[in-house]
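Some notes on the structure that comes next.
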Amino acid sequence: MATRLSDVLSFLPARLKIEGSAKQTIDVARNRLLVGGIMFALAFLVVGFRVVDLTVINEGREPRLANAHRLTTLEMDRADIVDRNDVLLATSLRTGSLYANPRQLLDPEDAARRLARALPGVNEAELLARFRSERTFVWVKRSLTPRQQAAVNRLGIPGLFFQREERRIYPHGQIAGHITGFTDIDNRGIAGAEQYFDERLRRSNEPVQLAIDIRAQHILREELAHQVAEFRAIGGSAMVMDSNNGEILAMVSLPDFDSNTPALASPEARFNRNTLGVYEMGSTFKVFTFAAALEYGTTNFNAVYDASRPIEIGRFTIHDFRGQNRRLTMPEVFMYSSNIGTVRMAMQFGRERQREFLSRLGLTRAAQFELPEIGPPIVPNPWRDINMMTVAFGHGMAVSPLQLIAAVNASVNGGLMVRPTLLRRPEGAEFPRERVMTAQTSEQMRRLLRLVVERGSARSAAAPGYLVGGKTGTAEKNVRGRYRQNARMSLFAGAFPITAPRYSMLIILDEPQATARTQGFATGGWVAAPMVARLVPRLAALWGLPPMDETQPQVRQQLFVNAALSR
Amino acid sequence: MIRASTFLWIGLAGAVGVGTYQLKHRVQALEDDLFRLNRQIVAEQDAIHVLRAEWAYINQPQRLEALAQRHLAMQAMVPTQMGQVADLPRRPPPPAAPPAPVMAAVPVPAAPIASPPPVPPARAALVRPAAEPRPAPQTAPAADPAPPAEPRAASERRPAAAPARPAPRPNSEPSIADLLAAMRPPPADRTGDPYAGGGPASGARRMPAAQAPARGDVALTGAPASRSE
């Protein structure tokens, strides 16, 4: 080995003869040098090949590809929000903001004068003061339209620059303000869906599709606004929900605001009554008392309750509103909305089971919903007998309208609790449903709710052909611990067609005033129910729900209430 | 001999040089083309984006309803106007036998055909669009005779200059309307304006006044006659 190497390395002085241990040492050194050299050569070779590979052979196109990709798709900082039919509810438009570097301005006075003339809302004196400052950056105007930008460019003033920005636009902001919410100046969501889906909207370019149908939203808002105006109410809220999958199809809270100009809105207008407000829901709560009694088997259609005298407990007296003052059968208690009869019914199953049943319906915990504005319910604690009695007819416990509509929906759709959702559920998607009562209980509730529309307090809600069923309610408002006689909430909660509910709805008017036409009444039956009769045909026509013959034998049979009903 | 080969090589080298130069330039030109086209695509996408926002804005249901009320003699549907095919009376059997003298005396058989079923098919067709995604502008003009809308619009003396602007909305804040109105830059100088859309799109940007879509939607959002109770 050593000799061969010395042959190869012939450039070493040939005459140099080294013998013995010294020769050996030099051979070792040579070998080491050689091995090291070969290794370095290989390493450089590898690096060289890789460089060629990167720049010429394999990935030479890469930078260009990256550029091409970046340039051929329009990327916005924030994704769109669309309704269930892909109608834009929120989108971002590019705008430019104009700023100036005063040190580069040749003639500040002239620049200020010409800019003030070209741009609306710019004050010449103010601008000149800013231009005379020593700074190198002053805003002239934020969010210019392309037209204004072109105008500024045409002025040809050196020292002016554009900062590219995006601005959030809500084409339907006037009617869906509470749903979409709005963003701050830095395009961060600070209310509504904009806030709830903030992360998602900023990270992905995929639009967020809501369950809302903007056409239904408009119809609902128009009808509610009509009702609020007619009865000079201070506000109102209304919701329509898909009975089967819990999609919120329309959600209106009045007064409302335009999400394009949230700064102009009063705090009352920004308040979403549907999710953030909690109210005592009055007689609509009787739906749950009846459902519980049917579910626990403590009542049936033939049971009789004595409503001839008010119930006195402690310092409270429980009256009926326009009482019948006699013994009532169970369906009559519901039909006439007798507080006394309902309380007696609740006493039969007791407070523990009442509490358990209401919890099952999600009325004791804050609702889960895709909006940040969620109000937690006000639940009596401890739950005494007096609480049981008042809660039975909807006082002493406050829940949000969203919770109420979900619970009413579970009572009519066959007994399945579906969480309300603001997001559109994909076709055929699985979602959790929880059985909260038997199908039979729910079926009996449907008969009772139809009875209220046919013969009870909600007669004006009947929309012929659509089999509306529902319960009205009137709650005296509790203001700072006192119930006020003349401040009330008037409600209607129901579903249609009641034989097999497709849509559930809830209508609430806040402090409606009686008119001459309503004979001095401002109760749910006079104020909220008439809106249903107008609303339902419009929604049904919109969604292609055909009207049906309400007198068909099988319909009559499905809704028949087998009990003595006097009138 | 040596000279000839030298010239040959010099010539070859020159040819290759010229070829490479040409190729490089052509590639560069293509790359510029690509870059320009990509920019144009983005500009078009941006224009489409703006147009979608504007489309959504001018399709506000409340605006369509107001337009429909002003220009169309249509009312919201009532349930009694709807029916189902199954409800139609059965077609009477064809008069196969020679008409008997009794038939001539009693003109009854004609009645079930002549008297229209509760639902004229045109009404039924109006119901249908409700189920579809709303903006269906292409189909609507075909279904309806468009001309009636135009003369009426003219007779109303609507200003032709800015037909698409929903100006007469009394309560609307001007911000979004102004913004969207001004979203299209003047086509004269696009040079200084980085957001100006391409040429072809700007033609499509001007939206004719409330054309047929309003008509298609009237069944959905038309004001109910019952309102004037």
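Because the structure is a prediction, the values reported are computed rather than measured.
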Do the side chains of A:T91 and B:R52 get nearer than 4.5 Å, heavy atoms only? no
Taking every non-hydrogen pair under 4.5 Å, which of A:L88, A:L539, A:D86, A:V152 racks up the most with chain B? A:L88
For A:E206, I'd like to know if atom CD has over 12 heavy atoms of other residues, nucleotides or ligands within 6.0 Å. no
Quick check against the 3.5 Å criterion: does B:H49 have a side-chain atom that pairs as donor or acceptor with the backbone of A:S92? yes
With B:R90 via side chain to side chain contact (heavy atoms under 4.5 Å, CB included) - residues at least two apart: none
More than 12 heavy atoms of other residues, nucleotides or ligands under 6.0 Å from CZ of B:R26: is that the case? no
Whether the side chain of B:Q62 engages the backbone of A:H218 through a donor-acceptor N/O pair (distance < 3.5 Å, no angle test) should be reported. no
Before accepting this row, confirm whether a basic side-chain N of the pair A:R538/B:E65 lies closer than 4.0 Å to the acidic partner's carboxylate O. yes
Using a cut-off of under 4.5 Å on heavy-atom pairs, state which of A:A463, A:A216, A:A90, A:P547 scores highest against chain B. A:P547
